[in-house]
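Given the structure is predicted, the values throughout are model-derived calculations rather than measurements. Below, read A as the first sequence line, B as the second, and so on, with proteins coming before strands; counting in each chain starts at 1. Scope of the values below: all heavy atoms of this structure, side chains included, with no hydrogens, waters or symmetry mates.
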Amino acid sequence: NAGVTQTPKFQVLKTGQSMTLQCAQDMNHNSMYWYRQDPGMGLRLIYYSASEGTTDKGEVPNGYNVSRLNKREFSLRLESAAPSQTSVYFCASSEKAAQYNEQFFGPGTRLTVL
Amino acid sequence: QKEVEQDPGPLSVPEGAIVSLNCTYSNSAFQYFMWYRQYSRKGPELLMYTYSSGNKEDGRFTAQVDKSSKYISLFIRDSQPSDSATYLCAMRVGGGADGLTFGKGTHLIIQP
């Protein structure tokens, strides 16, 4: 049982390049999330998917797109990377029906945009 | 004003001390309150959660919520060097699948 896995672990992009961050969970959770973590800013929600087939914007969605490929997988795409998107990206999943909606986090992807 | 305020620290205390970590918030609709622990270069992991006001204890950890003051706390008794990490408070308005609103995190250092 691997929990939440993310690929890649590290990535360096040049301004204007595109890339997709992959996330998968093996806990049969309905809900999945993408956060970014920046120094002095804490974790901020980019997009989430309450259930397979649905996606919603979070606090900071500009410059990103997401795809809920199936129940297990939720990807985050940067179409034209900018230096302001340099951050650590975390994927999380939860069981929507659980009272506290405990979110389980992956190990993160460290992205640098030059 | 950010919805959730948390002193980023660092907070450095000797081993065995009682640690108090705090967050204040402005949105009175928050009902679910959580504390996450994050070790360096790792993802956050859930430590404690409480619903509405009150206290919850789990081993050396106690979480308190005072909704009237919009103030939550995490106490760590008999602190250990392995408790050295960043502690993030998080909260949510209701049940369901909404994302969490996090504080910035407090970097805690327990000195052996």
Interatomic distance, A:Glu59 atom CD to B:Thr101 atom OG1 [nearest 0.5 angstrom]
7.0 Å
Quick check on B:Pro44 against chain A: is it the side chain, the backbone, both or neither that has a heavy atom closer than 4.5 Å?
both
For the atom pair CD (A:Glu102) and OH (B:Tyr32), what is the distance rounded to the nearest 0.5 Å?
14.5 Å
Rounded distance [0.5 Å steps], NZ in B:Lys42 versus CZ in A:Phe105:
16.0 Å
Please classify the contact of B:Gln38 with chain A as side chain, backbone, both or neither, using a heavy-atom distance under 4.5 Å.
side chain
Same apolar cluster (I L V M F W Y, side chains within < 4.5 Å links), A:Met27/A:Tyr33
no
Gap separating the CG atom of B:Leu46 from the CD atom of A:Gln103, nearest 0.5 angstrom:
9.5 Å
Given the rule that I, L, V, M, F, W and Y join up when any side-chain heavy atoms are under 4.5 Å apart, are B:Met34 and B:Phe75 in one cluster?
no
Connected via hydrophobic side-chain network under 4.5 Å: A:Phe104 and B:Tyr49:
no
Say you draw a straight line from CZ of A:Arg44 to NZ of B:Lys104; how long is it, rounded to the nearest 0.5 Å?
10.5 Å
With clusters defined by side-chain heavy atoms of hydrophobic residues (ILVMFWY) lying less than 4.5 Å apart, directly or transitively, does B:Ile76 cluster with B:Phe33?
yes
Taking A:Gln37, A:Met32, A:Met41 one by one, which has the highest count of heavy-atom pairs under 4.5 Å against chain B?
A:Gln37
Proximal component of A:Leu45, with respect to chain B [non-hydrogen, under 4.5 Å]:
side chain
Is B:Phe102 reachable from A:Ile46 through a run of I, L, V, M, F, W or Y residues, each pair having side-chain heavy atoms under 4.5 Å apart?
no
So, A:Tyr35 side chain and B:Gly99 main chain: donor-acceptor pair closer than 3.5 Å or not?
no
